Undergrad: 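Take this structure, written in structure tokens, and hold onto it; I'll ask about it next.
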Amino acid sequence: MIGLLAMFVALCALAWALAAGAAQWLSRYSFEALPPKRRLHRFTLLALLPWLLPASWAAALAGVALSKRVGWIDDHCRIHGDGHPHLCFEHFPAIQIEPLAGAALLMVLAAVTTVVVRHAWAALARRGRLAALLRLVPSNGLVRKIDDERPLAMVARPLRPVVLVSRGLFDCLDARERRIVIAHEAAHLRGRDLIKSSLFECLLTFHLPASAARLRAHWRQAIEERADDRVARRFGGADTAQALLKVVRRQQFPATVGLAAGGADIARRVERLLAAGEPSAVSRDWSTVALGLAVLVPAAWLAGAHHAIETVLGVILGS
Amino acid sequence: MTKDSVPRTSMPVLGDLEVAVMERLWSEPEWTAKGLHELMGAQRGISLNTVQSTLERLHRKQLVERFKRGHAFRYSPKVRREELVAAYMQDMLGRFGGDPAASIAAFVESADGMDEATLERLEAALERRRREEDR
């Protein structure tokens with residue numbers, strides 16, 4: 001039984017390494033030419049890759065084992081003999097796991113547990129700090145005004161969202177510009193952006209740090225641009241860009257404070273708003289099909305070549 | 001703002017009771033645990049020990065300072081309310097060097113990353129766009 005589990009863990013680790021490497025490379029592309037909605041779709045697929053590839057490989061080989069069990073395919077375990085490390089739910093692989101391979105497997109499991117616990121802890125801490133902030137801000141409906149001289153506006157809390165607007169923002173903008181800012185935040189609410197961002201953050205759990213940071217930045221840029229587009233359709237691109245530039249001009253932060261690594265690129269947002277004309281015709285998006293093929297074709301091949309895979313895993317684990 | 005209060009690397013989490021105690025300290029500084037308990041204890045159904053441990057936690061989080069007068073500690077706020085709210089907002093926006101929280105979306109996140117030349121270029125582009133629209 002332990003041998004079977006070890007083989008599945010080793011298989012998933014191999015698939016994850018491939019998927020994380022691919023995501024690391026693909027996350028360099030921000031697909032700027034595409035509309036924000038399509039970019040969000042593409043980044044979601046990329047974020048899913050390190051989950052889908054290991055899951056599909058494990059499912060493919062588990063499918064073969066189950067098919068043998070229910071009689072859909074011939075049980076050929078006996079042909080291979082007892083020495084062969086079977087990925088089978090009836091004839092558990094009789095393999096002696098080498099100490100080094102065993103240690104490596106334990107390290108993989110420990111790393112997975114650490115990453116999950118660390119992400120969950122960080123998410124809980126952020127949730128606690130957001131709750132503390134909201135406790136400090138007087139409650140008066142959806143829009144809460146903060147006594148802060150800097151021009152700040154944000155929508156917070158995914159499930160029961162609130163819009164936080166600072167006194168500084170109200171002071172520096174005229175009535176139309178305030179409506180633009182509120183409309184921008186309302187666009188996030190309508191798009192359920194906070195829920196989607198929180199789920200996206202969960203998907204990034206098993207990404208390498210560099211690709212996670214890049215995907216997070218691309219994602220935030222795309223949701224901000226999508227909200228900008230919604231506002232620009234109502235108020236015009238120039239007016240929206242003007243409100244954005246006015247807030248940027250007035251924002252004065254202490255020099256000691258670090259710059260957000262994952263923040264949206266405002267210059268690009270303004271340039272898009274000023275350049276926006278009629279949306280050009282967009283061709284059909286094949287990214288879902290491409291990801292499906294990238295996941296399913298190797299899985300189907302693995303199912304067919306399961307004997308070779310069993311042999312490789314046996315060699316790695318030291319049968 | 002005291003020099004070691006805000007900004008900090010990560011803001012502490014504050015519970016309901018801690019916020020209520022801070023509110024009381026902001027409205028009127030220098031309270032003893034006993035005084036706060038007389039004021040809030042019956043209303044919230046909490047014991048003197050609870051108030052004392054809440055003040056102790058706030059002291060550990062560097063949000064209140066205390067000094068002994070007579071036999072009892074007296075507590076007063078170490079940060080102003082606006083400073084604390086501002087620090088939380090900066091924390092949520094990732095301005096302490098981390099990533100912005102996924103549970104927020106700000107109108108402007110990283111304005112401090114834009115230099116003056118870029119800002120002027122964008123303002124000039126906006127002017128050009130306005131002139132084109134006026135024609």
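In what follows, chains carry the letters A, B, and so on, assigned in the order in which the sequence lines appear, proteins first and then strands, with residues in each chain numbered from 1. Quick caveat, the model's predicted, so the values are computed rather than measured.
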Undergrad: Looking at A:K37, A:R272, A:R230, which one forms a side chain to side chain donor-acceptor pair (under 3.5 Å) with A:E225?
TA: A:R272
Undergrad: Going by the rule side chain to side chain contact (heavy atoms under 4.5 Å, CB included), which residues pair with B:D134 if we only count those two or more places apart in sequence or in a different chain?
TA: none
Undergrad: Rounded to the nearest 0.5 Å, what's the gap from CG on A:L49 to CD on A:Q24? Could you check?
TA: 12.5 Å
Undergrad: If we ignore hydrogens and angles and just use 3.5 Å, is the side chain of A:H218 paired with the main-chain N or O of A:S27 as donor and acceptor?
TA: yes
Undergrad: Relative to B:F73, does B:R66 satisfy both conditions: NZ or CZ under 6.0 angstrom from the six-membered ring centre, and within 45 degrees of the ring's axis?
TA: yes
Undergrad: Is there a donor-acceptor pair closer than 3.5 Å between any side-chain N or O of B:R129 and the backbone N or O of A:L273?
TA: yes
Undergrad: Tell me, for B:E18 versus chain A, whether the close heavy atoms (under 4.5 Å) come from the side chain, the backbone, both or neither.
TA: neither
Undergrad: Heavy-atom distance under 4.5 Å to chain B: side chain of A:A125, backbone, both or neither?
TA: backbone
Undergrad: Determine whether more than 12 heavy atoms belonging to other residues, nucleotides or ligands lie under 6.0 Å from atom CZ of A:R118.
TA: no
Undergrad: Does the plane of the ring in A:F31 sit parallel, tilted or perpendicular to the ring in A:F43? Use 30° and 60° as the thresholds.
TA: tilted
Undergrad: Just by distance, with hydrogens left out, do A:Q221 and A:R269 show a side-chain donor and acceptor under 3.5 Å apart?
TA: no
Undergrad: Which residues in residues 22-31 of chain B have any heavy atom closer than 4.5 Å to a heavy atom of chain A?
TA: B:E23, B:W26
Undergrad: What residues of residues 121-128 of chain B sit under 4.5 Å from chain A when only non-hydrogen atoms are counted?
TA: B:R121, B:L122, B:E123, B:A125, B:L126
Undergrad: Rounded to the nearest 0.5 Å, how far apart are CG of B:L14 and CG of B:L84?
TA: 6.0 Å
Undergrad: Heavy-atom cut-off 4.5 Å, strictly under: side chain, backbone, both or neither for B:V19 against chain A?
TA: side chain
Undergrad: Quick one: CD1 on B:I46 to CG on B:L17, what's the gap to the nearest 0.5 Å?
TA: 4.5 Å
Undergrad: Is there any residue in residues 169-191 of chain A with a non-hydrogen atom under 4.5 Å from a non-hydrogen atom of chain B, and which ones are they?
TA: A:V181, A:H184, A:E185, A:H188
Undergrad: Are any of the side-chain heavy atoms of B:V51 and B:K34 separated by less than 4.5 Å?
TA: no
Undergrad: Measure from the side-chain N and O atoms of A:R157 to the backbone N and O of A:R160, and report whether any donor-acceptor pair falls under 3.5 Å.
TA: yes
Undergrad: Would you find a donor on one side and an acceptor on the other, under 3.5 Å apart, between the side chain of A:R144 and the backbone of A:L134?
TA: yes
Undergrad: Please identify, among A:L244, A:D148, A:D147, the residue contributing the most non-hydrogen atom pairs under 4.5 Å to chain B.
TA: A:L244
Undergrad: Using a 3.5 Å distance criterion without hydrogens, assess whether the side chain of B:Y75 forms a donor-acceptor pair with backbone atoms of B:F67.
TA: no
